[in-house]
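Scroll down for the structure; my scribbles are underneath it.
Only this structure's heavy atoms are used, side chains among them; waters, hydrogens and symmetry mates stay out. Numbered from 1 within each chain, the chains take letters A, B, ... in sequence-line order.
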Protein chains: 4
Amino acid sequence: MTSSKKPDKYYAILEGALKVFAENGFHKSQVSRIAKEAGVADGTIYLYFKKKEDILTSLFQEKLGELVEKFNQGVGEHMSARAALMKVCEIHFSELENNIHLAYLTQIELRQSDMLLRQEIGLALKRYIILIENILERGKREGSFRPDFDVKLVRLLIFGGMDEVVTSWLISGQKYSLTAQVGPTIDFFMKGIEP
Amino acid sequence: MTSSKKPDKYYAILEGALKVFAENGFHKSQVSRIAKEAGVADGTIYLYFKKKEDILTSLFQEKLGELVEKFNQGVGEHMSARAALMKVCEIHFSELENNIHLAYLTQIELRQSDMLLRQEIGLALKRYIILIENILERGKREGSFRPDFDVKLVRLLIFGGMDEVVTSWLISGQKYSLTAQVGPTIDFFMKGIEP
Amino acid sequence: MTSSKKPDKYYAILEGALKVFAENGFHKSQVSRIAKEAGVADGTIYLYFKKKEDILTSLFQEKLGELVEKFNQGVGEHMSARAALMKVCEIHFSELENNIHLAYLTQIELRQSDMLLRQEIGLALKRYIILIENILERGKREGSFRPDFDVKLVRLLIFGGMDEVVTSWLISGQKYSLTAQVGPTIDFFMKGIEP
Amino acid sequence: MTSSKKPDKYYAILEGALKVFAENGFHKSQVSRIAKEAGVADGTIYLYFKKKEDILTSLFQEKLGELVEKFNQGVGEHMSARAALMKVCEIHFSELENNIHLAYLTQIELRQSDMLLRQEIGLALKRYIILIENILERGKREGSFRPDFDVKLVRLLIFGGMDEVVTSWLISGQKYSLTAQVGPTIDFFMKGIEP
DNA sequence: GATGAATGAGTATTCATTCAT
DNA sequence: GATGAATGAATACTCATTCAT
């Protein structure tokens with residue numbers, strides 16, 4: 001349970017920023033627009049954030065933190081490795097399908113060119129990455145997965161695959177159901193394409 | 001055969017931009033910096049490109065066009081579907097491993113937030129996408145791949161997987177060999193992780 | 001006897017301002033910094049002063065008032081005009097030498113560009129000016145000074161001379177004794193440079 | 001002869017700044033106002049000056065340079081020391097009386113609180129200072145001045161005196177003739193006030 | 001075609017001042 | 001009286017784009 005020590009306005013600004021960034025992208029978003037969206041004065045933003053970029057960074061950390069939390073709550077140790085992997089994919093797809101602003105944030109804004117930012121994101125995602133790797137290792141131990149694959153590489157391939165599916169769905173205009181792709185996706189991860 | 005109708009300066013500017021964008025990112029790159037790098041006057045750029053953004057777009061089109069060309073040249077109809085898929089992965093990894101500026105461009109800059117840009121990129125990549133899909137369909141027909149997977153979905157999963165491997169390699173500081181990952185990657189695509 | 005009708009906080013703020021202004025100059029001094037220095041809340045300052053500029057004005061008036069008071073107390077009617085003039089110079093130099101913040105205030109901050117402010121300062125200094133003029137006139141009457149100089153002009157020349165000596169001493173980094181200059185200064189005022 | 005290497009716009013901006021600074025003071029002068037006064041675009045200013053403050057600095061240097069030049073041209077070695085001193089005072093008073101904007105600049109703006117700036121001004125004035133000291137020393141050698149005064153101190157007293165006379169004249173609203181004060185001023189410097 | 005000096009629109013950030021508590 | 005969180009006006013500076021030469 002995360003006790004929210006931060007004042008309401010902090011979150012109001014983040015929510016405003018989430019909307020404005022999703023609509024215009026970081027660079028085309030004006031601070032004053034975020035302030036208006038959050039219902040505060042321009043200057044108030046600077047009581048909570050040092051620079052415009054800090055809003056983006058904090059937004060990532062808060063939102064990715066929440067997301068990672070959901071993965072950790074949704075996936076239990078009692079599940080079979082395969083079931084756990086499916087759960088991960090379900091949560092990944094459904095959370096983003098149900099929160100289009102968050103989807104924009106993660107699939108589009110997250111890919112900023114700033115190397116520093118990328119590395120911060122990496123940290124925020126670390127727990128998610130570890131969760132997937134743990135499942136893979138557990139599957140190997142339990143014998144439900146092949147014993148001979150490189151966990152780190154496969155983790156990248158699985159994460160990258162899901163990520164691309166979400167991005168494609170987003171860019172295409174969300175014309176189809178993302179959660180409907182969970183089954184076939186897991187099927188591919190498990191069996192590959194070899195007959 | 002690409003008959004280069006464009007004057008030398010056009011390409012000089014693109015090469016300058018490739019370097020400058022890779023070093024600073026699109027938004028932090030000044031047009032005058034690109035001009036200096038290309039050895040032309042600031043104003044000259046506007047004889048070849050309408051806006052700063054057009055440089056980026058043209059750069060994508062030229063560079064992705066060359067890349068796609070390499071895929072098409074490297075992958076023959078005579079190859080088995082499996083061999084073709086491996087060839088695709090080989091080219092994908094080796095071309096980016098051998099051209100770090102291009103890698104930055106595709107893995108980092110390509111992910112700018114502009115939706116329009118993303119769609120243009122989609123078009124530039126279309127032939128690559130089709131190439132992969134053709135291989136998948138050929139494999140199905142030939143019986144070397146399973147007959148029951150969704151080609152479009154699997155294409156996303158394969159492309160996304162490779163893409164993530166490249167990005168991870170790039171962000172980590174290119175500490176290991178990217179081409180060494182071709183074998184295990186294709187192995188995963190073929191067999192999945194099921195024992 | 002100055003009955004201090006003003007509450008302690010009024011003076012606390014002025015002392016804080018004296019320090020902050022001396023360190024940063026008026027324009028680069030933040031009100032909140034003065035508040036912190038004075039140990040009060042930002043808003044409290046506005047219970048005692050209408051605007052930031054008023055702090056400066058009040059500071060001048062208080063400090064110059066004290067200074068003028070010292071001149072009036074130090075210089076008696078019983079003294080010879082020459083002795084009185086020397087006393088003025090002694091007090092002028094020693095008071096500023098012994099209070100470096102006050103020296104910064106009078107020699108640097110006092111010279112702000114605001115015409116209104118300059119005129120207020122003129123008023124605050126009026127009693128000092130009159131004191132000097134009185135001495136000059138008394139000297140003329142007593143016959144200890146020449147009868148044929150313009151009192152107002154000479155007062156400017158004397159005041160300006162002392163002022164420049166102080167400023168020079170301050171800017172040079174207070175490397176030498178200011179009070180040691182009293183003798184030669186008065187000597188020049190009395191005899192000029194003619195042999 | 002100073003060959004003006006700088007382009008016209010450089011001087012146009014300085015003249016605009018001289019006017020605007022004199023009217024409003026440095027801190028209350030907007031860059032865009034200076035640009036308008038100079039007949040150039042806002043951005044053009046930054047082709048010639050790095051920061052707003054640089055305009056002020058350059059202005060000082062140019063204007064004080066011109067002024068010092070006039071002193072050096074007006075005062076010859078053939079003059080008696082006394083005549084030379086009178087010439088200095090004449091030029092000092094008449095140049096400022098005839099150029100009210102310059103008077104504001106030197107008497108008001110020059111007294112900014114920035115220590116760095118003050119020291120730059122000191123350098124720009126150095127040649128003037130040396131000129132006065134040379135006259136004083138020549139007078140001592142020639143026997144037309146007393147042999148026993150401190151040149152540096154007397155230079156401060158003379159410069160400070162003249163300076164105060166100018167400032168007083170300026171603040172009072174230029175109600176009287178400044179040049180009419182030359183005679184009595186020199187008289188005081190020569191003879192002091194002793195009978 | 002080529003130049004690069006000139007343009008001027010656009011915006012993050014600061015900080016004096018207010019006012020609900 | 002005292003507080004300090006909130007306000008929002010104000011502006012130096014950048015840089016993509018233009019256009020006279």
Side-chain angles (χ1 to χ4, degrees), chain A residues 7-10 12-13 26-36 38-55, chain B residues 7-10 12-13 26-36 38-55, chain C residues 7-10 12-13 26-36 38-55, chain D residues 7-10 12-13 26-36 38-55:
Chain A
D8 288 354
K9 296 210 172 174
Y10 173 83
I13 292 165
F26 177 73
H27 284 103
K28 291 185 184 159
S29 297
Q30 289 118 297
V31 172
S32 65
R33 180 70 209 292
I34 295 170
K36 183 172 289 181
V40 301
D42 292 20
T44 304
I45 288 189
Y46 291 87
L47 297 176
Y48 297 95
F49 304 92
K50 230 172 129 62
K51 317 170 80 250
K52 182 187 173 188
E53 206 180 11
D54 288 350
I55 310 176
Chain B
D8 287 354
K9 296 208 170 172
Y10 173 83
I13 293 164
F26 177 73
H27 283 103
K28 289 183 185 164
S29 296
Q30 286 117 292
V31 171
S32 65
R33 180 73 209 291
I34 295 171
K36 181 174 288 180
V40 301
D42 293 18
T44 304
I45 288 188
Y46 289 86
L47 299 173
Y48 297 95
F49 303 92
K50 219 171 134 61
K51 316 167 84 260
K52 183 187 174 188
E53 207 179 11
D54 288 351
I55 310 177
Chain C
D8 288 353
K9 295 208 174 174
Y10 173 84
I13 292 164
F26 177 73
H27 284 105
K28 289 183 185 163
S29 296
Q30 287 117 292
V31 172
S32 64
R33 180 73 208 292
I34 296 171
K36 182 173 290 181
V40 301
D42 294 18
T44 305
I45 288 188
Y46 290 87
L47 298 174
Y48 297 95
F49 304 92
K50 219 171 133 60
K51 315 167 85 262
K52 181 187 174 188
E53 208 178 12
D54 288 351
I55 309 176
Chain D
D8 288 353
K9 296 210 170 170
Y10 173 84
I13 292 164
F26 177 74
H27 284 103
K28 289 185 185 159
S29 296
Q30 287 118 297
V31 172
S32 65
R33 179 73 209 292
I34 295 171
K36 184 172 288 180
V40 301
D42 292 19
T44 304
I45 289 189
Y46 291 88
L47 297 177
Y48 297 95
F49 304 92
K50 231 171 127 65
K51 315 169 82 251
K52 182 187 172 188
E53 206 180 11
D54 289 350
I55 309 177

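- In this entry the distance linking CD1 of B:Ile45 with P of E:dG4 reads 12 Å, nearest Å.
- Of all heavy-atom pairs between C:Ala12 and C:Ala38, the closest is O-CB, 3.4 Å.
- Note on D:Phe49: nothing from the nucleic acid sits closer than 4.0 angstrom, heavy atoms only.
- Positionally, the nearest nucleotide of DNA chain F for A:Asp42 lies more toward the 5' end than for the other of A:Asp42 and B:Ser32.
- For the pair B:Lys36 NZ and E:dG4 C1', the interatomic distance rounds to 12 Å; values are reported in whole Å.
- Taking only side-chain nitrogens and oxygens, D:Lys51 never comes nearer than 4.0 Å to OP1 or OP2 of F:dA12.
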Nucleotide N/O of nucleotides 19-21 of chain F paired with protein N/O under 3.5 Å:
none

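- Of the side-chain N and O atoms in B:Lys52, none sit less than 4.0 angstrom from OP1 or OP2 of F:dT17.
- A distance of 11.0 Å separates NZ of B:Lys9 from CD1 of B:Ile45, quoted to the nearest 0.5 Å.
- With E:dT3, E:dG4, F:dT11 as the candidates, the nucleotide lying closest to the side chain of D:Gln30 is F:dT11.
- In this structure, CZ in D:Arg33 is found 14.5 Å from NZ in D:Lys28, a value given to the nearest 0.5 Å.
- Taking a pair as Watson-Crick or G-U wobble with both distances under 3.5 Å, DNA chain E forms stems of 3 or more consecutive pairs at E:2-21 with F:2-21.
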Ignoring hydrogens and angles, write down the donor-acceptor pairs under 3.5 Å from the side chains of residues 47-55 of chain B, residues two or more places apart or on other chains.
from: B:Lys52; atom 1: NZ; to: B:Phe26; atom 2: O; distance (Å): 3.0
from: B:Lys52; atom 1: NZ; to: B:Ser29; atom 2: O; distance (Å): 2.8
from: B:Asp54; atom 1: OD2; to: B:Lys50; atom 2: N; distance (Å): 3.4
from: B:Asp54; atom 1: OD2; to: B:Lys51; atom 2: N; distance (Å): 3.4

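- Atom pair C:Asp8:CG and F:dA2:P shows a separation of 10 Å (rounding to whole Å applied).
- When rounded to the nearest whole Å, the span between CZ of C:Arg33 and C1' of F:dG4 equals 18 Å.
- B:Tyr10 places its OH atom 18 Å from the C1' atom of E:dG1, with the value rounded to the nearest Å.
- Between C:Lys28 and D:Lys9, the residue anchored nearer the 5' end of DNA chain E, judged by the nucleotide with its closest heavy atom, is D:Lys9.
- Nearest-nucleotide positions on DNA chain F place A:Gly39 closer to the 5' end than the other of D:Glu53 and A:Gly39.
- Taking atom NE2 on D:His27 and atom P on F:dA10, their separation rounds to 18 Å, with Å as the unit.
- For C:Val31, counting side-chain heavy atoms from C-beta on, the closest listed nucleotide (E:dT7, F:dG1, E:dT17) is E:dT17.
- The distance between atom OH of B:Tyr48 and atom C1' of F:dT17, rounded to the nearest whole Å, is 17 Å.
- Comparing A:Lys50 and B:Leu47 by the nucleotide of DNA chain E whose heavy atom lies nearest to each, the residue mapping closer to the 5' end is B:Leu47.
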